Amino acid sequence: MSTVTVTIDGRDVSVPAGSGLVEAAAEIGVEIPVFCYEPRIGPAVGACRMCLVEIEGVPKLQAACATGVRDGMIVSTVGDKAREAQEAVLEFLLLNHPLDCPVCDKGGECPLQDHAFRWGPGTSRFLEHKRVNDKPIPISPLIALDRERCILCYRCSRFSAEVTEDLQLIARERGASSVIATFEGRPYEGHHTGNVIELCPVGALTSTQYRFQARPWEAPDHPSIAPWDPVGSNVYNTVREGRVVRVLSRRNDAVDTGWIDDRTRFAYAAMYGPARIERPQLRPNRDRPVGNRPVVEQSHELAMEWLHGKLTDAARKAPELWVLSGSETLEVVYAIQQVAAQTGGRVVAAPGASAALPAASARIEDLRSARHVLVIGHADLLDTAPSLDLWIRRAAQNGAFVTTVGVGGTRLDGATAQHMFAGPGELDAVVQRTCASIRANEGDAPLVETGIVVYRDGDLAPESVQALVETFQLPREGSGLLAIPAAPNARGLAALGVESATWDEILGHTGGVVYVGVDPERAVDRSEWGPAVKRAAWVVAIDALPTALHGSADLVIPAAWGGEQEGTLVNLEGRLQRMSVGADTPGEVVAQLRWIAGLARRLGATVQGNAASAFRQLAETSDGRLPVTTHGAIPHDGILGVNGGAAATPIVDEAPQLADGELALYVAPNLFDACEVEHTEAMSFLTREAVLHLNRADAAELGLARGQQATVETADGRTVQVAITTSRRVAPGHARVHAGTPGFPGGRTGWTSARVTGAASAPAHEHAQVAAGTPAIGAGDQLDAPPTERPQDGEG
């Protein structure tokens, strides 16, 4: 790559051709003040004018963020003209800016504060009354907008338009009347909305959960990992007085580029709600029916004695079965394995919770330079691996040819160059047929352009995966497979030799069963797992929040969540990353590793109760499946190197049998279908209404329009009220709805048949506002133009 040399404030610097002035200045430690500039969003727009600089030979000042370097360019950022312009811009921005600093959540980490101190005029000449607005305006139950603080940098609206491409945040009106608003005043609803809070440089957009809770100098940020995310998004947990008060992104360009999803950002609040389990709960009287077993709260010592007695009972029916959810840290898994080794028990993963890294795996950051991206599956990446959705959108914007394969109706379809239809049960056939066609036409010539194949573990048969590997000659530099596991540490469980069991195996076990973060209600009907729990000798559940299983469990042990425990997780590309403990556990909760290590020592095993020592033990005994290192030696951006273990078991994707007038209904995974979201009140609007996505032609044939209410009758006899939305991207004869919304049980995904009938109701945007529990923003100050139909899934 060619370089150019520029002179900035009298100092020469050589940078790659095409670099911007802001980046070139940063190379030599010169800071050019900016507000609107954020390269992760897209090309600079020069909206705030804070970065004006003098360039020799150019008569007018130039916005440094939008100016590229040229060889021999001479720039001054501290000259009289530049300094005067910077003071003038800050004076202009502060004219109507309120003196909220003592109460503003951004105080102490606010770029406007910092810039006013370093580059501002020092005094104000403004004596008139400042402009005021209603405050705060709830643009959603999660985000509040203080309009008088806004400096119209457009970071938030550009994020909505260029990063997530949902077009929900807009700049309304013109000139001095411009304000940030949402489309038609509807609540800002999506998967990554909380990122605008961090993007905002002045505290105009704030979290309703964090608002007025802490100051940055009294609440340190602890680096950690999103505890649920298979991508392994990096986060900071802000902790005050032992409690997490907010979750921020921690930029890791190899994993997430600094964007985190709303479940990661906001659902921590459930851990401090009334539902949190804080003491062990013992339910004696096993012979009584569920609901008639009194709960006795025990100390951890008595709970451990109870479980120790069950594990060492000479008269027990069979060895115990430990069922893992795939969210456990490597250290916790190792400790459980040591317990099972002492008692003769067996350690398994719930179906899909353990899956080895594919041999032809790529790195996530390979998406940055990939020229082709193939996304296979019916599920939306926003719901299974939301960070990958943003990676692929940026790849498409950079010129990558993106192809999706599935039934359609996903948000990513709007960013793709091509969509290949594959109906229920047809993914393998379409993939193998396409691979055969490519090989027949292209031959065996070496491929040059890079490509990434994205799919979910278990969605494809081994033969289909092998066909992809052979056809695209994987792995190659910058090319390979990105398989999305069903659990955040599925790769880690596989590396430690934990294999997935079927539900028939788990429910058929007659000895004791320990469910670690697993709720069978999310996978099978109560009519199946209820009798199985009764047949088991005893049942223990380890959870942080209540589940349907707890009413039938003999013992419930409270668990720590991500911000309260230290340990190691392995993401979908095999990257080991460390979780750090920052918060105290509430009540009498004890971190899982410490609790299980104590149990192991009672049984005669040697297991350390801290993550660093336990990781050293398991690394030494992993037979090369884990890097030989120490927990402390793993950098905060992680380390690649996990391998080995059992591959994912393919999930049979059978097409439903359809009668006349029925549609094939796909109950899709849902990012917000989670226990912690259910117990976070501010997030309830995200799952309060079941929305049925229909093809427009099907909707017209059924006499339904967007916004109407309809009734869905499913093959299992379920009758559900839904709101209708229509799209060209849903294939005719098919429909989709999200699991975890009213009428569709959480965790139950897949195909079924359904009959849809409708009845007229209120328009969709009215339903959305009621569901959000918040008024339309700018109520009483609506646009003069009549409302128009909002683009659905990026259409329009």
Side-chain angles (χ1 to χ4, degrees), residues 228 263 267 270 273 275-277 281 283 286 288-293 295 321-328 348-353 383-384 486-488 500-510 512-536 538-559 561 651 667-680 683-684 686-688 690 714-720 737-752:
W228 77 269
R263 176 176 166 186
R276 180 70 185 271
I277 304 169
Q281 300 172 352
R283 284 178 171 82
R286 185 172 175 80
R288 292 187 181 180
V290 174
N292 193 24
R293 298 176 65 187
V295 177
L321 181 70
W322 295 77
V323 185
L324 308 185
S325 66
S327 61
E328 301 81 12
V348 300
D383 292 303
T384 57
S500 292
T502 66
W503 278 111
D504 287 340
E505 291 179 85
I506 296 170
L507 298 180
H509 187 73
T510 57
V513 184
V514 183
Y515 290 95
V516 186
V518 175
D519 181 13
E521 175 78 8
R522 294 180 57 82
V524 294
D525 290 332
R526 188 175 299 233
S527 60
E528 296 180 49
W529 69 259
V533 168
K534 282 291 186 181
R535 288 193 300 268
W538 46 266
V539 172
V540 174
I542 303 178
D543 285 301
L545 295 168
T547 71
L549 174 66
H550 293 180
S552 303
D554 300 286
L555 176 65
V556 177
I557 301 171
W561 75 287
I651 301 170
V667 184
N670 182 3
L671 176 66
F672 304 113
D673 173 22
C675 195
E676 64 268 26
V677 174
E678 178 186 346
H679 292 285
T680 301
M683 302 184 75
S684 61
L686 295 166
T687 56
R688 189 171 292 170
T714 61
D716 59 359
R718 198 182 305 274
T719 301
V720 185
V737 71
H738 278 115
T741 52
F744 296 94
R748 314 278 189 85
T749 61
W751 290 98
T752 186

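The chain is numbered in sequence order, starting from 1. Quick caveat, the model's predicted, so the values are computed rather than measured.
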Rounded to the nearest 0.5 Å, what's the gap from [atom1] on [X] to [atom2] on [Y]? Could you check?
X: Met683; Y: Glu676; atom1: CE; atom2: CD; value: 8.5 Å
X: Asp673; Y: Phe744; atom1: CG; atom2: CZ; value: 12.5 Å
X: Thr749; Y: Ile651; atom1: OG1; atom2: CD1; value: 7.5 Å
X: Leu549; Y: Trp529; atom1: CG; atom2: CH2; value: 5.5 Å
X: Leu686; Y: Thr741; atom1: CG; atom2: OG1; value: 12.0 Å
X: Glu528; Y: Leu507; atom1: CD; atom2: CG; value: 7.0 Å

I need the minimum non-hydrogen distance between [X] and [Y], along with the two atoms involved.
X: Gly517; Y: Ser325; result: O-CB, 3.4 Å
X: Ile542; Y: Ala559; result: CG2-CB, 3.9 Å
X: Pro546; Y: Ala275; result: CD-O, 3.1 Å
X: Ser327; Y: Pro488; result: CA-CG, 3.7 Å
X: Gly352; Y: Ser500; result: N-OG, 3.6 Å
X: Thr752; Y: Ala715; result: OG1-CB, 3.5 Å

Could you work out, with side chain to side chain contact (heavy atoms under 4.5 Å, CB included) as the rule, every residue matching Pro351, not counting sequence neighbours?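 Trp503, Ile506.
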Does the [X] side chain pair with the main chain of [Y], one donor and one acceptor, at a distance under 3.5 Å?
X: Arg283; Y: His550; value: yes
X: Asp543; Y: Leu545; value: no
X: Arg748; Y: Glu521; value: yes
X: Asp716; Y: Arg718; value: yes

Would you mind listing every salt bridge (Lys or Arg N to Asp or Glu O under 4.0 Å) that reaches into residues 550-559, with sequence neighbours excluded?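 For residues 550-559, and leaving out neighbouring residues, the salt bridge (Lys or Arg N to Asp or Glu O under 4.0 Å) pairs sorted by first residue read Arg286-Asp554, Arg293-Asp554.
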Do the non-hydrogen side-chain atoms of [X] and [Y] ever get within less than 4.5 Å of each other?
X: Trp322; Y: Val540; result: no
X: Tyr515; Y: Val556; result: no
X: Asp383; Y: His738; result: yes

